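As the structure is a prediction and not an experimental result, all values here were calculated from the model.
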Amino acid sequence: DAGELEAKVRDVVGLYLNPPTNAIVLCVDEKSQIQALNRTAPILPVRPGLPEKATHDYKRNGTTTLFAALEIATGRVVDECYDRHGKAEFGAFLRKVAKAYPRRQLHVVVDNYHTHKHAEIQAWLAKNPRIILHFTPTSGSWLNLVEVFFGIITRQAIRRGSFDNVPQLVTAIRAFITGWNDRCHPFTWTKTADEILPHTSKRDSDARH
């Protein structure tokens, strides 16, 4: 529905451009099925006089799901890794985020993943009215600024690493985020809703076909 899409875009972009006074705006999502890949393949000599060649083989050693909450005013990230990414894990992560920001009103941007709208999550939110969820439009998860952070950690930490097991992968993720939080900076949104709505409508249309 075009009206619903526009309303969601204006809601999310409005939070970025004009955050509510004395409230914190967070972008939350999960990056699922991050693989612990052992990339330590041997270097194979081809023949004398030619450069050595690395194989592209790797061993899969399990997966983890990274949940992250990006505070747009500072760039700070609250994180947790779970084995799964269902409603229980999302609920647990929301509780962790709430604890990280006590006694503050939190406006939380999330996508339309079904666990984010589950009845148990809605019941918890009803008991914790200081936490308000704002949903990106269908096929509009790119509006969630935490996706930018996921791209950065993927390029700089996950793809470059070699991991024998999931605990090694989780340790590397946490080490990266600790360093990130030491040097973090605000995430600044510059486009108005009117500027991005035509592109959003096109992406949404493309996604349905």
Side-chain angles (χ1 to χ4, degrees), residues 1-21 23-34 65-80 82 84-94 96-98 101 104-126 128-155 186-209:
D1 177 78
E4 182 182 6
L5 182 147
E6 180 175 348
K8 287 181 175 179
V9 169
R10 292 193 182 280
D11 181 36
V12 171
V13 173
L15 284 176
Y16 294 160
L17 295 178
N18 299 292
T21 306
I24 292 172
V25 178
L26 299 162
C27 294
V28 169
D29 201 5
E30 56 263 26
K31 183 172 178 61
S32 63
Q33 299 295 306
I34 304 172
T65 292
L66 168 62
F67 282 73
L70 173 75
E71 181 185 350
I72 64 166
T74 64
R76 175 175 176 246
V77 170
V78 176
D79 68 287
E80 189 63 61
Y82 297 98
R84 299 172 62 252
H85 57 107
K87 68 177 187 301
E89 290 75 23
F90 180 61
F93 186 65
L94 277 183
K96 178 171 184 172
V97 170
Y101 295 94
R104 297 292 299 274
Q105 187 178 58
L106 304 181
H107 291 269
V108 180
V109 176
V110 294
D111 66 19
N112 280 277
Y113 190 51
H114 65 92
T115 56
H116 300 164
K117 298 181 174 182
H118 193 277
E120 291 181 18
I121 301 298
Q122 296 301 315
W124 183 82
L125 290 169
N128 296 271
R130 71 185 180 91
I131 301 163
I132 303 160
L133 298 192
H134 299 260
F135 294 95
T136 60
T138 304
S139 306
S141 58
W142 56 276
L143 284 167
N144 192 329
L145 280 172
V146 76
E147 303 302 331
V148 177
F149 171 75
F150 283 153
I152 293 169
I153 192 173
T154 298
R155 291 190 302 273
F187 271 52
T188 304
W189 186 274
T190 58
K191 298 286 188 181
T192 66
D194 287 335
E195 287 175 304
I196 66 172
L197 268 168
H199 306 286
T200 309
S201 300
K202 185 177 186 306
R203 291 191 191 202
D204 198 49
S205 175
D206 290 345
R208 286 198 296 266
H209 292 87

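By the neighbour-count criterion of 12 heavy atoms within 6.0 Å, atom CZ of Arg84 is sparsely surrounded, having that number or fewer from other residues, nucleotides or ligands.
In terms of heavy atoms, Leu17 sits closest to Thr192 at CD1-CA, 3.9 Å. The two atoms that bring Ala98 and Ile131 nearest to each other are CB-CD1, 3.6 Å, heavy atoms only. Nearest heavy atom pair, residue Val97 against residue Ala69, reads CG2-CB, 3.8 Å.
The shortest side-chain heavy-atom distance between Val146 and Leu26 does not fall under the 4.5 Å cut-off. Using a 4.5 Å heavy-atom threshold, the side chains of Ile72 and Trp189 count as separate.
Residues that satisfy the side-chain contact (heavy atoms from CB on, under 4.5 Å) test with Ser32, not counting sequence neighbours, are Thr65, His85. Applying the ring-ring contact (aromatic ring centres under 6.0 Å, His included) criterion to Phe67, with sequence neighbours excluded, gives Tyr82, Phe93. By the side chain to side chain donor-acceptor pair (under 3.5 Å) test, Gln33 is found to be paired with no residue, residues two or more places apart in sequence or in another chain being considered. Residues that satisfy the salt bridge (charged side-chain N to carboxylate O under 4.0 Å, His left out) test with Arg10, not counting sequence neighbours, are Glu6, Asp194. Applying the side-chain contact (heavy atoms from CB on, under 4.5 Å) rule to Ala123 yields no partners; only residues at least two apart in sequence or on another chain are considered. Listed by chain and residue number, Pro20, Gln105, His107 satisfy the side-chain contact (heavy atoms from CB on, under 4.5 Å) test with Ala23 (two or more places apart in sequence, or in another chain). By the side-chain contact (heavy atoms from CB on, under 4.5 Å) test, Asp11 pairs with His134, sequence neighbours left out. Residues that satisfy the ring-ring contact (aromatic ring centres under 6.0 Å, His included) test with Trp124, not counting sequence neighbours, are absent from this structure. Contacts of Phe135 classified as ring-ring contact (aromatic ring centres under 6.0 Å, His included), with partners at least two apart in sequence or in another chain: none. For Lys8, the salt bridge (charged side-chain N to carboxylate O under 4.0 Å, His left out) partners two or more places apart in sequence, or in a different chain, are Glu4.
Screening Leu94, Thr115, Val28 against Val110 for a side-chain contact (heavy atoms from CB on, under 4.5 Å) leaves a single residue, Val28.
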Step by step, would you call Val109 with Leu145 a side chain to side chain contact (heavy atoms under 4.5 Å, CB included)?
CA-CA 9 Å; Val109 176; Leu145 280 172; over 6 Å; no
I'd like to know whether Thr154 forms a side chain to side chain contact (heavy atoms under 4.5 Å, CB included) with Ile34, so could you lay out the CA-CA distance, the side-chain angles of the two residues, the decisive distance to 0.1 Å, and finally the verdict.
CA-CA 9 Å; Thr154 298; Ile34 304 172; over 6 Å; no
Begin from the C-alpha positions of Ile153 and Leu66 and carry the test side chain to side chain contact (heavy atoms under 4.5 Å, CB included) through to its verdict.
CA-CA 11 Å; Ile153 192 173; Leu66 168 62; 4.2 Å; yes
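Side-chain atoms of Tyr16 come within 3.5 Å of backbone N or O of Leu143 as a donor-acceptor pair. No side-chain donor-acceptor contact under 3.5 Å links Asp29 to the backbone of Ala68.
Taking OH of Tyr113 as the reference point, atom CZ of Phe90 lies at 11.0 Å (rounded to 0.5 Å). Annotation: the span from Asn144 atom CG to Cys27 atom SG amounts to 4.5 Å, rounded to 0.5 Å.
Sorted by first then second residue, the salt bridge (charged side-chain N to carboxylate O under 4.0 Å, His left out) pairs that include residues 111-121, not counting sequence neighbours, number zero. Among residue pairs with one or both ends in residues 68-80, those qualifying as side-chain hydrogen bond (donor to acceptor under 3.5 Å, both in side chains) are Glu71-Thr74, Glu71-Tyr101, Arg76-Tyr101, Glu80-Lys96, Glu80-Arg174; sequence neighbours excluded.
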